[in-house]
Amino acid sequence: MTVTGLISGDFTEQSEPFGLFGAWLKEAEASEINDPSAVALASVDEHGLPNVRMVLLKGYDERGFVFYTNFESQKGTEILGQKKAAMCFHWKSLRRQVRLRGEVEVVSNEEADAYYASRPRGSRIGAWASKQSRPLEGRFALEKSVAEYTARYPIGDIPRPPHWSGFRIKPLTIEFWHDRPFRLHDRVEFRRETPDGAWEKVRMYP
Ligand SMILES: Cc1cc2nc3c(=O)[nH]c(=O)nc-3n(C[C@H](O)[C@H](O)[C@H](O)COP(=O)(O)O)c2cc1C
């Protein structure tokens with residue numbers, strides 16, 4: 001995917017969102033202190049109450065936007081229940097925002113295994129040791145759990161925990177926003193009816 005002339009050119013002329021996202025992320029990687037891949041992730045619980053927290057984007061392509069987590073966490077149970085989520089990137093150094101929302105699928109075991117294997121050993125142990133989002137009586141209990149799993153997996157491979165994997169948001173809308181003087185910002189939304197459908201581009205009032 002190639003997108004040219006974005007810094008000096010007009011992003012609102014782009015005709016598809018993934019290449020444009022890639023170009024903006026690349027520019028954010030060059031200018032953002034930390035962390036250009038940090039993104040607010042919104043889910044919704046069974047009562048319709050929204051919930052938001054930060055995660056790290058670990059991959060994206062035409063299929064969607066991927067992050068990894070504990071499937072027994074609050075976000076994990078909410079997303080497995082509702083099968084919908086939204087993301088919002090804000091790159092302060094560029095004065096840009098990208099937001100997207102859509103249906104969610106679980107990444108393949110092969111994809112999750114490959115990413116899990118790429119993580120530092122301590123993070124792989126941590127994925128076993130943390131009962132993410134559930135009450136923790138004290139720091140010591142967490143350290144004890146880490147010590148137990150370190151003893152269980154002292155050397156060699158560490159299997160991926162069955163409750164730890166990735167979600168892929170397959171966007172139905174992706175909106176690009178860029179700051180302009182006097183709050184007369186540029187906003188372009190790409191939208192489609194289904195995850196396989198054709199994109200329609202709509203420019204919007206700021
Ligand atoms: C910059 C940043 C990146 C984070 N990345 C992740 C991540 O990729 N996966 C994850 O499970 N939690 C991540 N967290 C922690 C989550 O924000 C959250 O505290 C945790 O996942 C529990 O959320 P939940 O109780 O809503 O499930 C990150 C936090 C910050 C501040």
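Note that ligands are numbered from 1 as they come in the structure, with each ligand's atoms numbered from 1 the same way. Atoms considered below: every heavy atom in the structure, side chains included; atoms not considered: hydrogens, waters and symmetry mates.
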Worksheet item: Relative to W199, does R191 satisfy both conditions: NZ or CZ under 6.0 angstrom from the six-membered ring centre, and within 45 degrees of the ring's axis?
Response: no
Worksheet item: So F65 and F89, would you call those rings parallel, tilted or perpendicular, with 30° and 60° as cut-offs?
Response: tilted
Discussion item. Donor-acceptor pair, distance only, cut-off 3.5 Å: does the side chain of R124 make one with the backbone of P159?
Written reply: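 No; judged by distance alone, with no hydrogens or angles, the pair does not exist.
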Discussion item. With no hydrogens and no angle check, just 3.5 Å: does a side-chain donor-acceptor pair link T173 and E189?
Written reply: no
Worksheet entry | NZ/NE/NH1/NH2 to OD/OE distance under 4.0 Å, R203 and D186 | yes
Item to complete: Taking only Lys NZ, Arg NE, NH1 and NH2, and the carboxylate oxygens of Asp or Glu, determine whether E103 and K83 approach each other closer than 4.0 Å.
Response: no
Ligand 1: which protein N/O atoms lie under 3.5 Å from its N/O atoms?
residue  : atom   : partner : partner atom : Å
ligand 1 : 5 (N)  : L56     : N            : 3.4
ligand 1 : 8 (O)  : L56     : N            : 3.1
ligand 1 : 9 (N)  : Y68     : O            : 3.0
ligand 1 : 11 (O) : T69     : OG1          : 2.6
ligand 1 : 11 (O) : K75     : NZ           : 3.4
ligand 1 : 11 (O) : Q132    : NE2          : 3.3
ligand 1 : 14 (N) : M54     : O            : 3.2
ligand 1 : 17 (O) : M54     : N            : 3.4
ligand 1 : 17 (O) : M54     : O            : 2.6
ligand 1 : 21 (O) : K75     : NZ           : 2.5
ligand 1 : 21 (O) : Q132    : NE2          : 3.1
ligand 1 : 23 (O) : K75     : NZ           : 3.3
ligand 1 : 25 (O) : S133    : OG           : 2.6
ligand 1 : 26 (O) : R53     : NE           : 2.8
ligand 1 : 26 (O) : R53     : NH2          : 2.9
ligand 1 : 27 (O) : S73     : OG           : 3.3
ligand 1 : 27 (O) : Q74     : N            : 3.2
ligand 1 : 27 (O) : K75     : N            : 2.9
ligand 1 : 27 (O) : K75     : NZ           : 2.9
ligand 1 : 27 (O) : S133    : OG           : 3.2

